[in-house]
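Heads up: the structure comes next, in structure tokens.
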Amino acid sequence: MSKFNMDLTQEELKRQITYCPITGQFNWNERKGGRPGDGCIGRSWSAGYQRARINGKSYQLNRLAWLYVYGYLPPGLVDHKNHIVTDNRIENLRLATVQQNNMNRRIGSANRSGIKGVSWNCRSKKWQCFVGVGGKNINVGSFSDLEEAARAVEAARERLHGEFACHGRPS
């Protein structure tokens with residue numbers, strides 16, 4: 001079996017690159033294919049995620065950081081806690097399911113209230129609050145005051161999403 005068909009191991013990764021868990025910086029260990037040794041690795045791809053090609057296969061740098069530190073490529077997602085997809089410090093990374101990763105999203109661009117999960121209900125003339133859980137929207141309630149609606153939806157999100165609760169603002 002050629003090296004191109006094998007899953008990448010921690011040993012092989014460390015042979016080719018150096019990773020600093022404190023800064024999240026990756027560097028090549030040796031010159032190959034025109035790349036200088038000690039050069040930064042990673043190119044931005046879709047949604048700004050950085051990727052690098054190792055042994056003919058492309059990997060997200062956040063997943064390589066996990067392999068480098070913990071010794072395995074996780075089967076699920078590696079989430080950036082602070083939403084900055086170029087911040088690959090190990091303290092900023094955690095394992096997540098698709099649902100948990102969705103909980104950790106910022107506020108949508110179409111949001112008009114400025115508060116994640118809060119929208120204006122024209123019929124009732126109140127702010128309506130929802131929190132998404134398990135593919136369903138949980139109704140948190142209706143409020144006349146926007147600040148009261150914000151407090152209610154954020155409290156519900158903390159309770160329902162736990163460590164993955166994201167109120168739509170950068171950390």
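Basis for what follows: all heavy atoms, side chains included, without hydrogens, waters or symmetry-related copies. Values in this document were obtained by computation on a predicted structure and should not be read as measured data.
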Asp7 side chain near Leu73 side chain, heavy-atom distance below 4.5 Å: no
Contact summary for Val133 and Gln99, nearest pair of heavy atoms: C-NE2, 3.8 Å
Spacing of CZ belonging to Arg106 relative to NZ belonging to Lys116, to within rounding of 0.5 Å: 10.5 Å
Ile54-Tyr70 co-clustered via ILVMFWY side chain contacts under 4.5 Å: yes
Exercise: do Asn111 and Ser113 side chains pair donor with acceptor under 3.5 Å: yes
Leu13 and Tyr19, any side-chain heavy atoms less than 4.5 Å apart: no
Distance (rounded to the nearest 0.5 Å) between Ile17 CD1 and Asn27 CG: 8.5 Å
Atom of Phe26, atom of Leu64 and distance for their closest heavy-atom approach: CE2-CB, 4.0 Å
Test item: Asn62 side-chain N/O and Val78 main-chain N/O as donor-acceptor pair under 3.5 Å: yes
Tyr72/Gln10 under side-chain contact (heavy atoms from CB on, under 4.5 Å): CA gap, chis, key distance, verdict: CA-CA 7 Å; Tyr72 69 98; Gln10 183 185 45; over 6 Å; no
Separation between CG of Leu146 and SG of Cys129, rounded to the nearest 0.5 Å: 8.5 Å
Same cluster (ILVMFWY, side-chain, under 4.5 Å), Phe130 and Ile107: no
Minimum heavy-atom distance Asn55-Gln16, with the two atoms named: OD1-NE2, 2.8 Å
Cluster check Leu77, Val85: I/L/V/M/F/W/Y, side chain < 4.5 angstrom: no
Salt bridge present between Glu154 and Arg157 (N-O < 4.0 angstrom): no
Geometric cation-pi criterion Arg63 and Tyr49, 6.0 Å radius, 45° cone: no
Pair Gln50-Asn88, side-chain contact (heavy atoms from CB on, under 4.5 Å): steps then yes or no: CA-CA 9 Å; Gln50 295 179 309; Asn88 291 306; 3.4 Å; yes
Trp66 versus Leu93, closest heavy-atom pair with distance: CZ3-O, 3.9 Å
Candidate pair Asn29 and Arg15, rule side-chain contact (heavy atoms from CB on, under 4.5 Å), full reasoning: CA-CA 7 Å; Asn29 289 337; Arg15 188 183 69 71; 5.7 Å; no
Hphob cluster co-occupancy, Leu95 + Met103, side-chain heavy atoms under 4.5 angstrom: no
Backbone of Thr9 reached by a side-chain donor or acceptor of Glu12 within 3.5 Å: no
Heavy-atom donor-acceptor pair, His167 side chain to Val153 backbone, under 3.5 Å: no
Over all atoms of both residues, closest heavy-atom pair of Gly132 and His161: O-NE2, 2.7 Å
same_hphob_cluster(Trp120, Ile115) at 4.5 Å side-chain heavy-atom cutoff: yes
From Cys122 atom SG to Gln128 atom CD, the distance as rounded to the nearest 0.5 Å: 11.5 Å
Point-to-point distance, once rounded to the nearest 0.5 Å, from CG of Asn82 to SG of Cys166: 10.5 Å
From Gln60 atom CD to His80 atom NE2, the distance as rounded to the nearest 0.5 Å: 8.0 Å
Side-chain donor or acceptor of Lys81 paired with backbone N/O of Glu91 under 3.5 Å: yes
Derivation and outcome, side-chain contact (heavy atoms from CB on, under 4.5 Å), residues Arg94 and Gln100: CA-CA 10 Å; Arg94 62 183 168 193; Gln100 289 167 327; over 6 Å; no
For the student: nearest non-hydrogen atoms of Trp127 and Val118, plus distance: CE3-CG1, 3.7 Å
